[in-house]
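Count residues from 1 along the sequence.
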Amino acid sequence: MTPHPPGGPLRSRTAGSLHADAVRVLGEWAAPDDAQDRLRREFLGHLHSYADGMWRECATGHLTASAAVLDASRSRVLLTLHTKVKAWLQLGGHCEPSDLSLRDAAMREATEESGITGLRMLPSPVRLDRHAVRCHPGGSHHLDVQYVAIAPAGARYQVSAESDDLRWFPVEALPDRTDDALRRLVASAVALTRERAAE
């Protein structure tokens, strides 16, 4: 266990706020099924065990935040062809010292990676995902808290330096170079937004 996150006083203050927000969000989140609830409890256990569990310096694993960005019609999702992974993924990444909440982190990443202003982030996560990454020489894990963002009508994206490509895909016709985790995220995002629209 690391007693204090690295990075000096500013990061220490921010880390406390972000860590507390993550504990609150995960503590309040109603998981849609048993598998997701097990992940929720695993993420909470990680945060209770590691004071630096929000930051990429935590070699055992660290929380990240991402978003399925849907267009205004909820019929398309914006995916990035990740430069390192060489697969189509949702937008997202590591938390930063400027992030005061997981939702803020997801919004910042989605905005930076899409170039779209005016994204509307839904208030609560839609899914969690744990996957192996190569952030450290011995390997690590991303404990990803996944949100849904809605782009304004007529939104135009811009490819960032972190991406080989950026493209809208029909939610029912995702590209081959992706994985089941993304497919589950998109399906959950579409179901949630349609449910809200029907309320």
Please find the pair of heavy atoms, one from [X] and one from [Y], that lie closest to each other, and give the distance.
X	Y	answer
Leu166	Glu113	CD2-O, 3.5 Å
Phe169	Leu79	CD1-CD1, 3.8 Å
Ala149	Ala67	CB-CB, 4.4 Å
Ala106	Tyr147	CB-CD1, 3.8 Å

Does any non-hydrogen side-chain atom of [Y] lie less than 4.5 Å from one of [X]?
X	Y	value
Val69	Tyr157	no
His131	Asp144	yes
Val145	Thr64	no
Pro125	Gln146	no
Leu119	Ile150	no
His46	Glu42	no

Could you state whether Val25 and Leu143 fall into the same hydrophobic cluster, counting links through intermediate Ile, Leu, Val, Met, Phe, Trp or Tyr residues with side-chain heavy atoms under 4.5 angstrom apart?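 Val25 clusters together with Leu143.
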
Chi angles and distances behind the ring pair (Phe, Tyr, Trp, His ring centres under 6.0 Å) call for His62, His94: CA-CA 8 Å; His62 38 277; His94 293 102; 5.1 Å; yes

Answer yes or no: is there an ion pair linking Arg41 with Asp37, defined by an N-O contact shorter than 4.0 Å?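 Yes.
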
